[in-house]
Structure formats: C-alpha cells, structure tokens
Amino acid sequence: MSSLLDIKDLHAGIPDKPIINGLSLSINPGEVHAIMGPNGSGKSTLSYVLSGKEGYEVNGGEMVFDGQELAQMSPEARAIAGLFLAFQYPLEIPGVTNMTFLKTSLNAIRRGRGEDEMDAASFLRLAREKSRALGMDDDMLRRQLNVGFSGGEKKRNEILQMAILEPKLAILDETDSGLDIDALKTVAEGVNALRSPEHGMLVITHYQRLLDFIKPDVVHVMAKGQIVKSGGPELALELEKSGYAEYVGGAETASEGSPAHA
Amino acid sequence: MLDAQSHFEQIRDTLPGDGQARAATLAAAEAVGLPTRRVESWHYTDLARLLKSGEATGVRTVDFAGVKALEAHFENGLLHGEPQAEGLSVAPFSNTIAHTEAPSPDTVMASYNHALAQNGLTAEVSGTLAQPLVIRTSGTQPVHLAHKISLAAGAKAVLVDDHMATGYANVVFDIHLGEGAELTLLRSQQAGHQVGLSRVTLEQDARYKSVAMISGGTLARHEAHVTLKAAQAHAELHSAVLGHGLSKAATHADFTYVIEHQAADTSSNTSAYNVLDGNARGVFQGKIIVRPDAQRVDAQMQTRAMMLSEGAEMDAKPELEIYADDVVCAHGSAIGELDRDALFFLRSRGLDEATARQLLVAAFLEQVTTHIDDEGLSEIMRQLVDTKINTLLGNLSGEVSS
Ligand SMILES: Nc1ncnc2c1ncn2[C@@H]1O[C@H](COP(=O)(O)OP(=O)(O)OP(=O)(O)O)[C@@H](O)[C@H]1O
Ligand SMILES: [Mg+2]
C-alpha cells in the first residue's frame with residue numbers, strides 16, 4: 001500500500017534557524033497518527049511546512065503527499081490536492097461572513113479539481129447539516145469569520161471547515177486546547193465522522209484526553225524537530241505520567257525537575 | 001484647473017441671483033487664492049498642484065439607475081428632471097446663503113462656491129421619503145453646486161450623492177436636521193476632481209449618517225463640519241477609499257472633519273477605511289470638539305489603512321479639543337499591510353493568491369459598506385467594490401512603484 005503522506009529526513013525552518021531536523025514520518029490511508037511533544041519542539045512548524053506557509057523553507061528531505069512532492073506546491077494547490085490544516089490559533093477576518101468564506105473555499109477547491117461548483121441552495125443545506133452536527137448555532141454561519149467567537153467556537157469552526165472540505169489528510173494542531181469536555185467530545189465526533197479507509201489524520205496534541213475519543217493508530221513523540229519515539233496509544237498514557245524529560249535529553253531540562261508539558 | 005475669473009465671465013449670464021454680489025465674493029476669494037499647504041486644514045492636500053497635474057478621469061462602474069429612486073440629475077450644472085414625491089418639496093435654486101465674512105484660506109473654497117454656484121438641489125423633506133433621493137452629477141465641465149437639504153422634525157430620508165463628473169467640481173451641502181429627523185447620505189465618487197464641503201447641523205434627537213466611497217477620480221476632498229446642537233443628537237461619518245493609480249493618475253482622497261458637540265448627551269462615531277495601492281494617498285483629519293457643559297458626550301473615531309504598495313501614503317491626524325470633563329472620547333489609528341497570516345489561511349483553504357487578496361480587501365471595505373441599511377443601496381456599493389477590485393486591483397501587485 002502506498003502511503004498517504006511520506007516524510008523522509010525532512011530539514012526545514014525559518015532563515016538561519018533550523019527547526020525540523022531530519023524528521024521522518026509515514027501515514028497510510030485510513031490511519032490516525034498523533035504527535036505529542038514539548039512546547040517549541042517544532043510541531044506547528046511541521047504543520048506549516050506541510051501546508052506551505054510563506055517564510056518557512058525546506059532545506060532537505062522529502063514530503064510526498066498522495067504521490068506528489070509538496071515542497072514546490074502553492075498552499076492552494078496543496079489544499080486542492082486534499083491537505084487541510086486546522087490552525088492552532090484561528091484568525092478573525094472581519095468583513096466576510098463565515099458562510100461566504102466556506103462557500104468560496106469549497107468552490108475554489110472544487111474548481112481546482114475540475115469539478116462543478118456547488119449551487120447556493122445545496123451549499124446552504126450542507127453547511128447547516130455539518131454545523132448542526134458540531135453543535136453550532138446557525139447564527140454562527142451568518143456571523144463574520146471567527147469575529148467575537150470564543151476560543152472553543154473558533155476551534156469548532158476549524159472542524160466545520162474540515163467537515164465541509166473533507167480533506168484526504170487533516171492536520172489538527174492542538175484543536176483540543178481550550179475546549180471544554182462537551183466541546184471536546186463534539187469535536188472528536190466531527191473528526192471521527194471523517195475517518196474512513198481513504199482518509200488520514202495527523203493530530204497534534206498535548207493531552208491524552210483527546211486521544212480517548214479519537215483513538216490513534218500511532219503515537220509519535222517529537223522533540224527538537226525530530227520524531228524520537230513512536231508507538232501505540234499506550235505511549236500517550238505513558239507520556240501523561242512521565243513527561244518528556246526522557247526525550248528532551250539535555251541534563252539541563254531534567255534537572256529543572258518540572259515536566260516539560262506543564 | 002479652471003481659471004475662476006474667466007469661468008465666471010463665461011457663465012455669468014446664466015447665474016441666478018445678484019451678479020454684483022457674486023463678482024465681489026469672487027474678487028475676495030481670488031484675493032485669498034487657493035489654499036496652500038501652509039494652511040493647516042489643507043496641509044496634506046496641495047490643491048493647486050493636484051488640480052494642475054491630476055488627470056480628472058474615471059470609469060463609471062455602477063450606477064444607481066437600477067434602484068427605485070427619485071432623481072435630480074445635474075449634467076454640467078444643468079438640472080434634468082425634478083424629483084417629486086410625497087413629503088418632498090423642491091424649490092428653484094437660489095444662491096441665498098449669507099456669506100458675509102471675508103474668506104480666509106480655510107474657507108475660501110466655500111467662497112468660490114458661493115460666487116460661482118450655478119445650481120443645486122434645494123429640498124425640504126417633511127415626512128418619510130419612501131425612496132432614496134439621488135443627486136447625480138455628471139459632465140465634463142467645471143461645475144459649482146450648492147445643495148440645501150432640510151429635514152423637518154421627525155422627517156426621514158436617504159440621500160445619494162452619485163458623483164460621476166469627470167471635470168472639476170466644487171460641491172457644497174448645507175444640511176439641517178430638525179428634531180428627531182434622520183438622514184443617511186450615501187456618497188460615491190467614481191471620477192473627477194471633487195472639492196466638497198458639507199455643513200450639517202443637528203437638532204435634538206436628530207440622526208445623521210454619512211457613508212462615503214471613493215473608488216475613482218484623482219482628487220476627492222471631503223470636508224465636513226457637523227454641529228450637534230441639542231441632546232441625543234447622533235452623527236456617524238464613515239468613509240472608504242479604494243485608492244489606486246500611478247503618479248499623476250493616482251487617487252488623492254482627503255476626509256477632513258470637524259465634529260462639534262455643543263450639547264450634552266450627544267454622540268458621534270467616525271470611521272475611515274483606506275485601501276491604498278500604487279501611488280494613492282489617503283488623508284484623514286478629524287477634529288472632535290466638545291464644548292463646556294456638553295457632558296456625557298460619546299465620540300469615537302477610527303482610522304484604518306491597508307497599504308498595498310510602498311508607493312502609497314496615508315496621513316492620519318485625529319485631534320480632540322475637549323472642554324467638558326465627563327466625556328468618553330477615543331480615537332485610534334492603524335496603518336498596516338495586507339495581513340500575511342490571513343492570506344496564508346485563505347490560501348490553505350484553496351483560494352488562489354489573487355482571489356485571497358481580493359477577498360481581504362473587500363472584507364476590509366465591507367466594514368464601511370455594512371453601515372448602509374438600505375439593502376438595495378448596500379448591494380450596489382458591494383458590486384462597486386467587487387468590480388473595482390477585480391478590474392483595477394485584479395493585479396494587486398503590492399509591488400513597489402514609488
Ligand atoms: N516564524 C518564526 N520566527 C521565529 N521563531 C519561530 C518561528 N516559527 C517557529 N519558531 C520557533 O521554532 C520553535 C518551534 O516552534 P513551534 O511553534 O513549531 O513549536 P510547537 O512544537 O508547535 O510548540 P507548542 O507546543 O508550544 O505549540 C520555537 O522555538 C519557535 O519559537
Ligand atoms: Mg504549536
């Protein structure tokens with residue numbers, strides 16, 4: 001079986017600052033992988049490099065998504081190819097309604113794939129159905145994009161975008177942070193609804209709790225820009241107990257005696 | 001620019017009113033001359049230079065013909081059609097505003113207008129106008145218009161100033177809002193050189209809202225003097241500039257306001273949104289005056305600019321002159337570029353770069369359009385913004401053109 005995402009010995013960062021240092025990771029269709037790791041270990045950077053954010057450069061290695069090398073592709077081409085990033089810190093964009101934005105996005109992707117655009121009525125139905133499933137008020141579709149949304153509502157809105165775009169690979173960057181228990185369950189249900197033999201996920205999280213709801217196939221520990229350990233769901237439980245001291249290595253960190261994820 | 005004296009000789013016979021008085025006013029104005037940059041209120045707008053060098057062109061992108069509206073159309077100063085509706089009475093133009101003071105450099109443009117005003121709409125609204133009243137200005141000749149709009153107590157109207165004249169225009173609005181009257185003035189300038197002045201007075205409980213959109217033409221100077229005379233009067237002034245063009249063809253848009261709170265419990269809210277590409281220049285000068293005893297005044301002023309090119313310029317100068325102690329006055333100003341993170345976010349959702357930029361610019365200006373309550377009119381404004389962004393800024397380069 002060919003992988004959905006195949007990262008090999010990736011070196012990347014911002015100019016003059018390597019952040020990802022020889023990272024390898026492979027996700028097969030249908031799999032959910034979780035990445036855990038201390039603050040600053042490069043998790044968000046990895047998600048940005050994968051989705052093509054300006055300012056980040058790739059200095060070596062490969063990242064092949066669904067048979068295509070990503071490095072030279074524009075962010076929109078990656079989205080059209082089926083990559084999706086749920087942002088750790090969703091932005092507010094005043095002046096554009098959530099609904100208009102969602103529709104513009106879906107149709108841009110459909111056009112990019114050579115498909116017909118969705119008409120207004122069908123889109124409205126789809127948006128309502130998906131937002132209700134996520135426990136969102138219809139009102140939130142009419143409001144300006146993320147403006148005045150609570151932290152949790154913004155995260156739900158990221159998942160709504162995912163639900164509508166149905167990406168082949170979704171990267172969720174700390175989508176669970178800031179969610180209350182009920183919201184966490186709803187968001188997890190949204191994520192699980194997208195699971196299928198074709199879809200893959202990369203879930204970045206600090207908390208085992210989310211992984212109770214979204215059972216990952218593989219858990220990775222990331223430190224200093226590398227995957228330093230991979231294992232099954234039990235690895236997340238272990239980390240919850242013992243922290244990252246073992247992985248960050250430096251005697252310095254260990255001697256501070258505080259768990260790195262605190 | 002026009003030679004005022006010979007322009008006067010040319011049109012003298014067609015002008016209503018006292019020719020002698022006009023000649024005297026013109027002589028007094030000429031003695032002062034066009035304001036220069038040494039005059040504080042004109043510091044950022046070098047009028048003589050702009051009128052000499054700017055190309056007063058423009059492309060008509062949308063019009064208001066589609067809306068059901070009453071219309072007064074001034075073509076090269078001539079009025080076509082007279083709007084008729086219940087609650088509206090229109091009087092023939094006369095040039096009667098007392099203008100006895102000798103002009104100063106600050107007021108000289110009003111004196112030119114008074115000397116040369118060919119025409120204008122003189123309207124009194126006594127009820128609620130069922131349809132917007134559109135003043136359309138077109139033509140290629142230099143024109144001086146003086147409009148007098150008065151709303152009786154409790155009257156309501158929506159006025160549209162649709163400016164498409166490609167030449168020089170000096171336009172004065174004198175607006176009086178009686179007790180509890182409500183006026184929305186929607187202004188669109190798509191062409192030309194316009195020097196505009198509005199003098200607005202509000203009685204108790206009156207509400208004034210002006211929403212201006214400058215999307216074409218090379219000079220737009222909009223000066224407004226708003227006086228809130230009695231309790232609960234509320235004024236809102238919102239402006240949007242979609243500035244573009246290189247060197248002589250670049251937009252120069254200047255909004256200069258003096259908002260005077262004479263009475264307690266009055267409020268005002270001002271916002272200015274400027275999108276500036278190419279060598280466009282945006283100017284915002286807003287002065288809020290709160291007179292002694294005008295307690296519990298709430299006055300807010302916001303300036304925002306989105307700079308799309310290094311060759312563009314924005315000057316924002318808010319001023320507060322407050323003589324009462326129990327007031328809430330705030331002004332803020334933010335000048336920045338297109339938000340790179342927002343651009344990335346939109347692209348990560350499949351929008352190509354050009355579409356993402358257009359969406360962000362439109363979203364920025366939507367914050368002005370959103371103040372237009374009339375749905376038909378706000379839709380026209382959105383169309384205008386979208387079309388302009390598409391055609392003029394379709395290749396929003398963001399590239400240096402200084
Ligand atoms: N644009 C940038 N400019 C400067 N430093 C950066 C930039 N992007 C990332 N870094 C640095 O790279 C390192 C990795 O950051 P990153 O955000 O990827 O960490 P993370 O693993 O997502 O952390 P967290 O768990 O706190 O979200 C940090 O030291 C961060 O300060
Ligand atoms: Mg992060």
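Residue numbers start from 1 in every chain, and the chains themselves are labelled A, B, ... in the order their sequence lines are given, proteins ahead of strands.
- At a 4.5 Å heavy-atom cutoff, L365(B) makes no contact with chain A through either its backbone or its side chain.
- Between the side chain of S215(B) and the backbone N or O of Q190(B) there is no donor-acceptor pair closer than 3.5 Å.
- The neighbour count for E115(A) CD, taken as heavy atoms of other residues, nucleotides or ligands under 6.0 Å away, is above 12.
- Counting heavy atoms of neighbouring residues, nucleotides and ligands inside a 6.0 Å radius, atom CG of D116(A) does not exceed 12 of them.
- Looking at L359(B), the atoms closer than 4.5 Å to chain A (heavy atoms on both sides) all sit in the side chain, from C-beta outward.
- D6(A) is not listed as a side-chain neighbour of E62(A), based on a closest heavy-atom distance of 4.5 Å or more.
- Judged by distance alone, the side chain of D277(B) and the main-chain N or O of H244(B) form no donor-acceptor pair under 3.5 Å.
- Proximity of V226(B) to S268(B): side-chain heavy atoms (C-beta onward) are nowhere separated by under 4.5 Å.
- For R187(B) (side chain) and S210(B) (main-chain N/O), no donor-acceptor pair under 3.5 Å exists by modelled atom type.
- Residues V361(B) and L242(B) meet the side-chain proximity criterion, which asks for heavy atoms closer than 4.5 Å.
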_Intermediate values then yes/no, side chain to side chain contact (heavy atoms under 4.5 Å, CB included), L134(A) and M140(A)_ = CA-CA 11 Å; L134(A) 286 164; M140(A) 285 173 73; over 6 Å; no
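- In terms of non-hydrogen atom pairs under 4.5 Å with chain A, the most contact-rich of A356(B), G350(B), A362(B) is G350(B).
- For the set E366(B), R347(B), R349(B), the entry with the most heavy-atom pairs within less than 4.5 Å of chain A is R349(B).
- For a residue to count as touching a neighbouring chain, one of its non-hydrogen atoms must lie under 4.5 Å from one of that chain's; by this rule L106(A) does not touch chain B.
- Looking at M381(B) and S188(B), their side chains come closer than 4.5 Å, going by heavy atoms from C-beta outward.
- Looking at S348(B), the atoms closer than 4.5 Å to chain A (heavy atoms on both sides) sit in the backbone and in the side chain alike.
- Note on ring orientation: taking the six-membered ring where Trp is involved, the planes of Y48(A) and Y56(A) are tilted (angle from 30° to 60°).
- For a heavy-atom cut-off of 4.5 Å, chain B lies close to Q161(A), L165(A) in residues 161-174 of chain A.
- Between the side chain of Q68(A) and the backbone N or O of F65(A), no donor-acceptor pair lies under 3.5 Å.
- Contacts from residues 89-104 of chain A to chain B, taken as heavy-atom pairs separated by less than 4.5 Å, involve L91(A), I93(A), P94(A), G95(A), V96(A), F101(A), T104(A) in sequence order.
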